[in-house]
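First the proteins, then the strands, lettered A, B, ... as listed; each starts at 1. All values reported here derive from a predicted model rather than from experimental measurement.
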Amino acid sequence: MNTEINKENVLPETIEPRDFIRAIIDADIKSGRYESRVHTRFPPEPNGYLHIGHAKSICLNFGIAQEYNGLCNLRFDDTNPSKEDIEYVNSIKEDVKWLGFDWGDREFYASDYFDQLYEYAVQLIKKGKAYVCDLSPEEIREYRGTLTTPGRESPYRNRSVEENLNLFERMKKGEFPEGSKTLRARIDMSSGNINMRDPVIYRILYAEHHRTGNKWCIYPMYDFAHCFSDSIERITHSICTLEFEDHRPLYDWFLNELNVYHPQQIEFARLNLSHTVLSKRKLIQLVSEGFVKGWDDPRMPTISGLRRRGYTPEAIRNFCNRIGVAKRDSTVEIGLLEHCIREDLNKRAPRAMAVLNPLKVVIENYKEGLTEELEAINNPEDMSMGTRKVPFSRSIYIEKEDFMENPPKQFYRLAPGREVRLRYAYFIKCIDVIKDETGEIKELRCIYDPSTRGGDAPDGRKVKATLHWVSAEHSIEAEVRLYNSLFTKEDPDDVEEGKTFLDYINPESLIILNSCRVEPSLSIVKPGDIYQFERQGYFCADPDSIEGKPVFNRTVTLKDTWAKIKKKL
RNA sequence: UGGGGAGUCGUCCAGCGGCAGGACGGCAGACUCUGGAUCUGCUUACAGGGGUUCGAAUCCUCUCUCCCCAGCCA
């Protein structure tokens with residue numbers, strides 16, 4: 001018994017996805033570096049909502065901490081008050097929690113360290129490794145040089161330590177206007193790495209900070225704040241994305257100069273997803289310019305959008321595990337995300353019948369006024385979810401798509417003279433098609449076989465199709481929102497001359513269906529409730545639902561073989 | 001034409017001197033009261049050239065291609 005428990009504890013660790021970061025950590029643990037501790041951090045800037053790309057980083061950082069019995073801090077990188085807001089810190093906390101991760105009492109803010117950071121800057125000045133520079137932003141740019149030509153040294157580079165100390169203190173006191181002075185690291189203006197050409201480490205900003213209020217008018221830059229925040233928190237492995245690779249020499253430089261605890265920065269490739277955009281700038285634009293209805297619009301790749309769409313934390317975590325971690329730029333097909341949510345929901349979503357585009361069917365030989373309660377299975381994948389009763393009567397609705405007057409050979413749903421099964425009900429055969437003046441099909445007349453009650457024919461007769469349906473009088477009306485990909489292009493950033501990603505927004509990314517009919521068991525739903533509408537897909541009750549008129553978001557369709565065939569016809 | 005990275009099936013990830021593997025997709029079939037699910041089979045890849053080696057995706061070398069960096073953003 002003991003060995004079995006042991007196995008269970010050990011097994012998940014050995015089957016966890018391996019990657020180059022975990023390989024580095026394994027080696028560090030083995031060599032005893034960082035006392036064999038593992039302590040990571042997830043460091044979002046609170047200037048936007050988290051998206052699926054952040055989920056990759058969250059799963060990586062929190063996942064590694066869990067696997068190695070270490071810790072992961074949630075740290076807000078809030079060094080730029082002009083862009084950041086409390087609204088974002090709240091949404092970020094909610095999203096990380098919802099994804100299933102716990103940072104315990106380790107909720108930190110770079111702004112918690114402003115005093116310490118200031119002290120570090122003073123020490124750097126005292127070492128002659130930082131100076132106050134009076135160059136304007138434009139001048140700094142000119143002096144920086146270009147990618148291929150070295151920069152020039154600032155005329156203020158050789159100020160005395162005393163003068164620098166004095167000036168820096170006066171910057172802090174608010175004696176100088178915004179933009180008039182900066183504190184710069186004194187490194188190497190001819191470095192091939194532009195980050196090392198005397199980078200700005202403090203700038204003057206008269207902005208109210210969401211946590212420190214008006215205490216400060218100078219704020220540290222990312223490169224300066226981040227490495228020391230990691231150091232203060234005794235992070236072991238500081239995992240970030242590839243674009244920070246050439247900031248690593250600077251990360252190391254600061255920590256070495258001040259000879260403080262030194263975490264290792266490791267970079268991995270950020271997630272790209274086909275048919276969507278993940279840059280914060282573009283996401284903000286979609287929201288602020290009204291291309292979507294908000295950060296949690298179900299078409300958004302944000303965590304809150306995915307949540308409203310009906311995605312589960314389990315599916316997202318599973319997706320993040322499957323895509324792996326590496327250093328090469330890559331774009332994951334959205335199909336993999338869809339696969340993950342189907343896989344999860346197939347096991348847990350109760351089934352229901354919903355007719356999205358109703359076509360009335362009258363069963364002529366069924367007794368008028370009669371209602372039968374037929375038993376339906378809630379989830380064939382999980383019989384413990386039980387059964388429910390679905391009312392059946394003489395008038396029902398079926399899906400318009402499930403009938404064709406002149407069907408091609410591959411179509412085996414309802415057609416004139418053809419018999420099909422109504423799920424959990426009866427076999428019916430179409431005997432007449434009623435049209436209006438324009439030739440549009442208004443109603444079908446059918447007859448049923450009473451001996452097939454429940455869906456099986458005693459004579460062993462087979463039908464090729466089973467249709468979902470609802471009783472006309474018992475069903476209730478619902479609104480259904482069908483979502484398709486937000487962009488028509490696999491890579492929305494691959495734009496033609498003169499166009500932007502906004503020109504590739506899918507006009508059919510949202511299709512609202514207002515007169516859907518759903519089975520009566522769906523009259524009371526809570527936002528977030530998930531269902532599989534049989535033969536159609538997974539749907540999730542939206543917060544816009546009102547009593548008697550539920551609203552459902554389509555999370556994802558079921559795999560649809562017929563749709564594939566139809567395309568080829 | 002400076003610096004930093006990266007090139008393996010259509011896509012993503014393994015493989016670290018010994019038969020190139022998994023997942024998603026695609027195709028074909030089995031099964032099915034969801035054209036769902038499930039199951040089976042198949043398909044396709046080491047950027048290129050030289051070398052080292054009995055043996056190279058892996059080591060060396062040259063070349064090519066792609067990505068990132070010139071915010072007082074992160």
Side-chain angles (χ1 to χ4, degrees), chain A residues 17-19 23 43-45 47 77-80 82-84 133 135-137 140-142 144-151 178-184 190-197 199-205 218-219 221-223 225-226 240-249 267 269 271 274 280-281 322-333 335-340 342-343 346-347 351 353 376-377 380-381 410-413 421-425 427 452 454-456 462-468 490 532-537 557-565:
Chain A
R18 306 306 303 174
D19 52 69
E45 182 188 14
N47 69 343
D77 224 328
D78 56 349
T79 57
N80 185 354
S82 63
K83 288 189 177 174
E84 295 150 8
C133 183
L135 255 27
S136 70
I140 286 186
R141 197 187 320 124
E142 282 166 33
R144 188 156 32 224
T146 70
L147 293 179
T148 50
T149 60
E178 202 165 296
S180 64
K181 281 180 168 50
T182 57
L183 183 71
R184 292 228 259 164
S190 65
S191 172
N193 181 346
I194 290 178
N195 296 303
M196 302 299 273
R197 319 239 264 229
V200 170
I201 58 183
Y202 263 93
R203 77 285 214 188
I204 300 170
L205 232 44
I218 55 171
Y219 292 92
M221 298 286 289
Y222 165 84
D223 287 301
H226 204 91
C240 62
T241 44
L242 247 32
E243 66 271 27
F244 292 103
E245 211 151 15
D246 40 12
H247 290 240
R248 185 171 5 111
E267 311 85 12
L271 171 68
S274 73
K280 236 180 229 182
R281 200 208 98 225
R322 285 194 195 212
I323 57 177
V325 183
K327 293 197 72 158
R328 78 178 79 153
D329 292 308
S330 59
T331 302
V332 176
E333 289 173 347
L336 182 59
L337 219 209
E338 293 176 344
H339 167 81
C340 289
R342 281 193 191 104
E343 182 180 61
N346 177 47
K347 287 173 295 183
R351 271 56 172 170
M353 292 198 283
I377 295 165
E381 300 288 320
Q410 296 95 323
F411 183 89
Y412 39 84
R413 274 109 97 145
R421 171 169 40 232
L422 294 175
R423 179 139 235 227
Y424 301 123
F427 286 11
T452 58
D456 285 307
K462 299 282 181 202
V463 287
K464 288 203 79 173
T466 299
L467 309 187
H468 62 278
E490 186 174 320
Q532 184 200 90
F533 289 170
E534 295 222 22
R535 304 206 304 134
Q536 306 200 92
T557 61
L558 251 24
K559 282 210 262 175
D560 190 347
T561 310
W562 168 239
K564 250 186 234 174
I565 297 167

Examine the base of [N] for any acceptor or donor lying under 3.5 Å from a partner atom in the side chain of [X], and report the outcome as yes or no.
X: A:Asp246; N: B:G3; value: yes
X: A:Glu381; N: B:U38; value: no
X: A:Arg248; N: B:G4; value: no

Mind checking the P distance from B:A74 to B:U38? Whole angstroms is fine.
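Going atom to atom, P in each nucleotide, I get 46 Å.
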Expressed in whole Å, how much space separates the P atoms belonging to B:A56 and B:G49?
14 Å
Using a 90° cut-off around 0 for syn, call B:G71 syn or anti.
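Nucleotide B:G71 adopts syn.
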Polar-atom pairs under 3.5 Å, protein N or O versus N or O of nucleotides 6-8 of chain B: list them with distances, or write none.
from	atom 1	to	atom 2	distance (Å)
B:U8	OP2	A:Arg328	NH1	2.5
B:U8	O4	A:Arg328	NH2	3.4

Sugar-phosphate only, base, or nothing, as touched by [X] at under 4.0 Å among non-hydrogen atoms:
X: A:Leu558; result: base
X: A:Tyr202; result: nothing
X: A:Val463; result: nothing
X: A:Pro150; result: nothing

Counting neighbours of CD on A:Glu243 that are heavy atoms of other residues, nucleotides or ligands and sit closer than 6.0 Å, is the number greater than 12?
yes
For atom CZ of A:Arg281 and atom P of B:C73, their distance in whole Å:
17 Å
Atom CH2 of A:Trp562 and atom P of B:A37 are separated, to the nearest Å, by 18 Å
In terms of ring plane angle, is the pair A:Tyr222 and A:His226 parallel, tilted or perpendicular, where the classes change at 30° and 60°?
tilted
Could you list the residues that satisfy salt bridge (Lys or Arg N to Asp or Glu O under 4.0 Å) with A:Glu245, not counting sequence neighbours?
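A:Lys327.
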A:Phe411/A:Trp562 aromatic ring centres below 6.0 Å:
yes
I'd like to compare against my own output: the B/S/- annotation of nucleotides 23-29 of chain B with a strict under-4.0 Å heavy-atom distance to protein.
SSSSS--
Closest listed nucleotide, where the reference is the side chain of A:Asn346 and the choices are B:A37, B:A14, B:G35
B:A37
